[in-house]
Structure formats: structure tokens, C-alpha cells
Amino acid sequence: MQRAMIKRRSSKLRRIEKDILPYFFISPAIILLIILTFIPFLEAIRMSFTACNLFRPGSENRYVGLDNYITMLQNPDFYRVLLNTIVFTIFSITISLLISLVAALALNEKIRGVNVFKTIVLLPWVIPPVAAALIWQQLFDSNFGVINYLLTVTGLSTKYEAFLANPQLVLYSLAIIAVWKYSPFLIVGLLAGLQAIPEHLYEAAKVDGAGRWQRFLNVTLPGIKPILFILLMLQIIWRFNHFDIVWILTGGGPGVSSHLVSTYAYEYAFRFYDFARGSTVAVISLVLILILTYFYVRRTKIW
Amino acid sequence: MVSSRKICRRKLPLFKMFTYFILIIITVFFLFPIYWMIVTSFKPPTEITVKIPVLIPKNPTLKPYEYVFTLTDFVRQFFNSIIVALGTTAAGAMVGTFSGYALSRFTFKGKKIFSMYLLAIYMIPGVFLLLPLYLILKSLFLTNTHLGLILTHLTFALPFSIWMMKGYFDSLPVDMEESALVDGCSRVGAVVRIAMPLAAPGVAATALYCFVLSWQEYLFAVTIMASEEMRTLPVGVAAFMSWATLEWGPIMAFVTLMTIPTMIFFAYLQKFLIQGLTAGAIKG
């Protein structure tokens, strides 16, 4: 009798434990994430409807309706910045993708020394973005840079270019640095995808008389498609939001020729102390990313 | 039969050679900038400001390193970075382990929303969160403090570590925990005595990963740590760059020094790098 009671009590305790425990486990994360991300998220949206300026006390509660959005949408610089961001994202991702795909395919071959290559190719991932920016600034130098030297020696260019000061070149030069810094991540991901393709699929294709190219089209590509789409989505989001390299090397200049949405929002907030307009830029860019992601996910059917 | 084999044998080395050729080009692209960073840090100025690049220093010198240690704030910035990175790592790994366990092992109401929210944070630009966070931290007098920067670093370290730990627990068999429960061990006991020790390698990888992320971070650091004595290494080197224009030797020595800790962790982290980031996303 007593035994049965104990058993019932302990099973009840266990049920409570099972109901409560997960919430107990995630509560620190939830509390921190609400304070550190959710409240700021709402606050940023609220700020974009105010006249919030760090130098005007009380302005953070003066609501101005859609004024900031209207001003921003009438600002030709803002469209230039949006265009820059899109060009930066598309250009750097296209090159990254080409390099990463070729690299991953080569690294997936069973040849001697491949592990050494693998380690080397991944190294830029652990170089801090600030370091990457400074290293490449030296490589791009308009007087003593290695890149200018190589371009003139090989005859590809007749004179030394100021890659980071020339409005026509600056965005593409910065994109190359992003390619260098962020491709390794893509390579590891694609490599993981390639290695997950079962060997017997290749064997079967070989038996059916498929050549290398056909095996690539019919086995490899469909095999890495799911992971490729996810990696690509993350990369698009991260490059669209990119800040470090651009801010350190050009600060968005010359003019606004290399400003991206993140650097533009940051400049409003911390150079002009206009937090309202800064938030407005950030909100618009987030909305654009959400729309982009929505269509991307729908088209590629990741989920 | 024989003839086709012959063709195969003739073709294979060609393809192999092509693969090596591709690998070497790609390796040069990824390795050369790092090589250049290290080499430049040992060069005297006369071998840096020259039209024809000097591939191997003719008169290697330690002067740039001496410069970094005597004329810059490297040591103080190094300790600022260490404190912030360790704080982020401790909080990230701890919170990540428990949340990751809950996501992997329990079904509970709100689980889906919680997972989607974690993914959604990836999409939010850093600047978006930074502006309100800066104002909030300022009103709490937490700007220019290690704690303040640690809190902002948690905005990206937490989602990463939770996903990584969820992925790691997913890869561990549940049998042992279940048999512990059958033997009368409490659920909490099963977690603490059975699951956590098994997850130790995953926790270590997650911790190192948080460390690397925090160590590299620039945007939050440059904003929250505005005063000179609170700067972290990335902020410090960017500031150093702006006053020591074209002192490439010392700048590259600084950069080399700040890269060393992450390089050391790299070997261990390599295999975990992608796991935590994509495993969650694919299953989510």
C-alpha cells in the first residue's frame, strides 16, 4: 500500500519534472535573449518613428510618424547605398561560390596531401576581419602593393591603381576581401555535403556509363543541393549585413561609393548621433532581407 | 576491355594533375595574404616600401615586435580581449549546453517558436541591435565595461552555441540516460551525471567557438569600448592603423600576434566548424 503510494508520488514528481525541466533549462537563454535581442529589436523599430538624437535630450520620445522613412526614401544617397549593398552581395557571393565549389570538388578527390590543402584553405576563417582588412589594405596599396605589382608585371594593367580610393573599383576590391575571408566557411560546408553523398550512387552511375561531367550533374549537384541552399542563404544574409571590412578600410568612402546599409546606419548613429535615422536605415534593410529570404526559401523549398 | 583500361590509366594522371593544379592556385590565393602578414612583420621598412615586393626578408628583424610591445597598448588590449572572450565563452557554453540539451531531448510547448527565434537572430544586422543596445547599456552605465561588451557578444554567441550543442546532443545516443532513469536516477541526475560528461568534447568545441567569435568581434567592441583603456585588440589595431599610417611592419606584427590564439584553437575546431551551424538549420 505504502509502496504503491510512493510509486504514484514519484511518478507524479517525474511528470512535473518532465513538464518543468525543459523550461528550467532554457530559461537562462530566454531571459538573456529577451533582454539582449527582443527588447532592443522592438526599441529599434520604435526609435525609427521618433526624432531620437543623442545630443537632444528628450528627443527619444518625440514621435514624428513616418517622417524618417519619407526622408530616407527621398534621399538619393540611400538608393546608392542599397545598390552598393546588392552589388557587393551578388559580386562577392558569385565569386565565392565559384571558388568554393571548385575547391570543395578538388578537396573531395582522394589524392595525396589533400588534408594539408584542406587545412591551409580554411585558415582565413580564423583571421579576424580587422586583420584581414589590414593585410589586404597592404596588398592593395597604390604604391607598394603586391597586387599592383603583379597586374603591371603581367601586363594586365599599365599603371598603379588606388583600389580603395577609386570610386569605380572600391566596392569590388572590398568584395574580394570578403571572398577571401568568408569562402572557407562555404568550402567546409560544401565539403561536408560532398562527403555525405553515398559512394554507391557514384558506382551505380559509373556502371550506367556516366562520365565525370554527367556524374557531377546527376549525382554530385543534386547531392549537395540542400546544404548548398542553406549555406548560400546564410552567406547572402551575412554579406548583406556586412560591416567590419568596409568600415575599417574606407568608412563608406570615397563619397558614398562603398557604403553598405550597415555602415550607413552606423554613420548616422555614431557620427551624426542621429539614432532615429540610423534605426530607420537598419529597419528598412532588415525588411528587405526578410522579403529576400522569404522568396528564397519559397523558391528553393529548403523547409 | 584491355584497351579501355589503357585509356583509363592514361586519363587518370591528367585529371589528378589538373586537380593538383587547381588546389595549388586556390591555396596560393588563401595562403599568400597570411604569409605576407607574417613575412612583413619581420621586415625592416626598407624592404616594405619598395616597388618590387621582397618575398623573403633579406635582413629579418624583431624591431616591429619591439615597437608593438613598447609603443602600443597591446598588452592591456590583449587582457581586455581575454576577459571579454572568456566571459562570453563561459556564459555562452553554459547557457548553450542546457538549452541545447532541452532542444535535443525534450518536446515542449513553444519549442518550435524558440528554435525559429534562434534562427531569426542570424538575420538581424548587428547594427540593428547595436543602436538600442548602446542606449540601454549607456543608461545602465555599462558602456566601457567588460560586462557590457560581454552582454552584446552574447547576442550572437548564444544562438550559435545553442545550435551547436543541440546538434551535439542529437549525435549522442539516449540509451544511457534512459537506463539511468530506469535505475531510479532523477532526470536532473541523468543530465548532470550521464549526459554532460558525454557531451564534454562538444562543450569544449562550443566554448572555443564562442571564444573565437568574441575575439574577432569589431562592431560592438568599437562602439561599447570607446575609451582608450578599454579597447580590445581588434579595436586597438584599427586605431593603431589610423595613427601609424604605413608603418606596415609593426601593424603586421600586431595583427600576427592577435591571430595566434585563434590559430591555436583552429586545429581542434576545424571538424566542428560547420556541424553546429548547418546541422541545426537543416533539421530546424
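Here is the naming used below: chain letters follow the sequence lines, and residue numbers restart at 1 for every chain. Given the structure is predicted, the values throughout are model-derived calculations rather than measurements.
Contact annotation for B/Leu103: neither backbone nor side-chain heavy atoms come within less than 4.5 Å of a heavy atom of chain A. In this structure, no portion of B/Thr256 lies under 4.5 Å from any heavy atom of chain A. Contacts between B/Lys109 and chain A at a heavy-atom distance below 4.5 Å involve backbone atoms as well as side-chain atoms. For B/Leu158, the part lying under 4.5 angstrom from a heavy atom of chain A is the side chain only. In this structure, chain A has a heavy atom under 4.5 Å from the side chain of B/Leu118, while its backbone stays farther away. With a 4.5 angstrom heavy-atom cutoff, B/Val50 touches chain A only via backbone atoms. With a 4.5 angstrom heavy-atom cutoff, B/Leu219 touches chain A via backbone and side-chain atoms both. For B/Tyr134, the part lying under 4.5 angstrom from a heavy atom of chain A is the side chain only. Using a 4.5 Å cut-off between heavy atoms, B/Met252 touches chain A through its side chain atoms alone. Only the side chain of A/Thr293 comes within contact range of chain B, with at least one heavy atom under 4.5 Å from a heavy atom of that chain. In this structure, chain A has a heavy atom under 4.5 Å from the side chain of B/Ile136, while its backbone stays farther away. Heavy atoms closer than 4.5 Å to chain A are found in the side chain of B/Ile22, but not in its backbone. In this structure, chain A has no heavy atom under 4.5 Å from any part of B/Val235.
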Any chance you could lay out the side chain to side chain contact (heavy atoms under 4.5 Å, CB included) test for B/Val222 and A/Tyr266, step after step, and finish with the verdict?
CA-CA 11 Å; B/Val222 73; A/Tyr266 190 86; 3.6 Å; yes
With side chain to side chain contact (heavy atoms under 4.5 Å, CB included) as the criterion, how do B/Ile34 and A/Ile127 come out once you've worked through the C-alpha distance, each side chain's angles and the decisive distance to 0.1 Å?
CA-CA 8 Å; B/Ile34 297 173; A/Ile127 305 287; 4.0 Å; yes
Quick one: do B/Ile48 and A/Phe144 satisfy side chain to side chain contact (heavy atoms under 4.5 Å, CB included)? Show the steps, please.
CA-CA 8 Å; B/Ile48 295 170; A/Phe144 310 110; over 6 Å; no
Determine whether A/Phe270 and B/Leu130 satisfy the following criterion, side chain to side chain contact (heavy atoms under 4.5 Å, CB included), listing intermediate values before the conclusion.
CA-CA 11 Å; A/Phe270 292 100; B/Leu130 174 66; 4.0 Å; yes
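When each of B/Ile24, B/Thr19, B/Leu31 is checked for a side-chain contact (heavy atoms from CB on, under 4.5 Å) with A/Phe117, only B/Ile24 meets the rule. For the ring-ring contact (aromatic ring centres under 6.0 Å, His included) with A/Trp125, the lone residue among B/Tyr209, B/Phe30, B/Phe265 that qualifies is B/Tyr209.
Ranking B/Leu135, B/Thr97, B/Thr152, B/Val212 against chain A, the residue ahead of the rest is B/Leu135, based on heavy-atom pairs under 4.5 Å. Put simply, of B/Phe254, B/Phe98, B/Phe18, the one with the most heavy-atom pairs under 4.5 Å next to chain A is B/Phe98. Heavy-atom pairs under 4.5 Å with chain A were tallied for B/Phe114, B/Trp215, B/Tyr20; the largest tally goes to B/Tyr20. Among B/Ile121, B/Val95, B/Thr155, B/Leu131, the residue making the largest number of heavy-atom pairs under 4.5 Å with chain A is B/Leu131. Among B/Leu233, B/Ile124, B/Ile25, B/Leu137, the residue making the largest number of heavy-atom pairs under 4.5 Å with chain A is B/Ile124. With chain A as the partner, the residue from B/Ala102, B/Ser99, B/Pro33, B/Pro234 showing the most heavy-atom pairs under 4.5 Å is B/Pro33.
Contact check for A/Phe240 versus B/Met123: no side-chain heavy atoms found under the 4.5 Å cut-off. Side-chain contact between B/Val127 and A/Trp247: absent, with no pair of heavy atoms (C-beta onward) separated by less than 4.5 Å. Within the 4.5 Å cutoff, side-chain heavy atoms of B/Phe128 are placed close to those of A/Ile45.
The contact list for residues 104-111 of chain A toward chain B, using heavy atoms and a distance under 4.5 Å, reads A/Ala106, A/Leu107, A/Glu109, A/Ile111 by residue number.
Between the B/Tyr117 side chain and the A/Phe38 main chain, a donor and an acceptor come within less than 3.5 Å of each other.
Scored by the side-chain contact (heavy atoms from CB on, under 4.5 Å) test, A/Val146 finds A/Leu139, A/Leu150, B/Phe32, B/Trp36, B/Pro53 as partners (sequence neighbours excluded).
Note that CG of A/Leu54 is 4.5 Å distant from NZ of B/Lys138, once rounded to the nearest 0.5 Å.
The neighbour count for B/Lys111 NZ, taken as heavy atoms of other residues, nucleotides or ligands under 6.0 Å away, is above 12.
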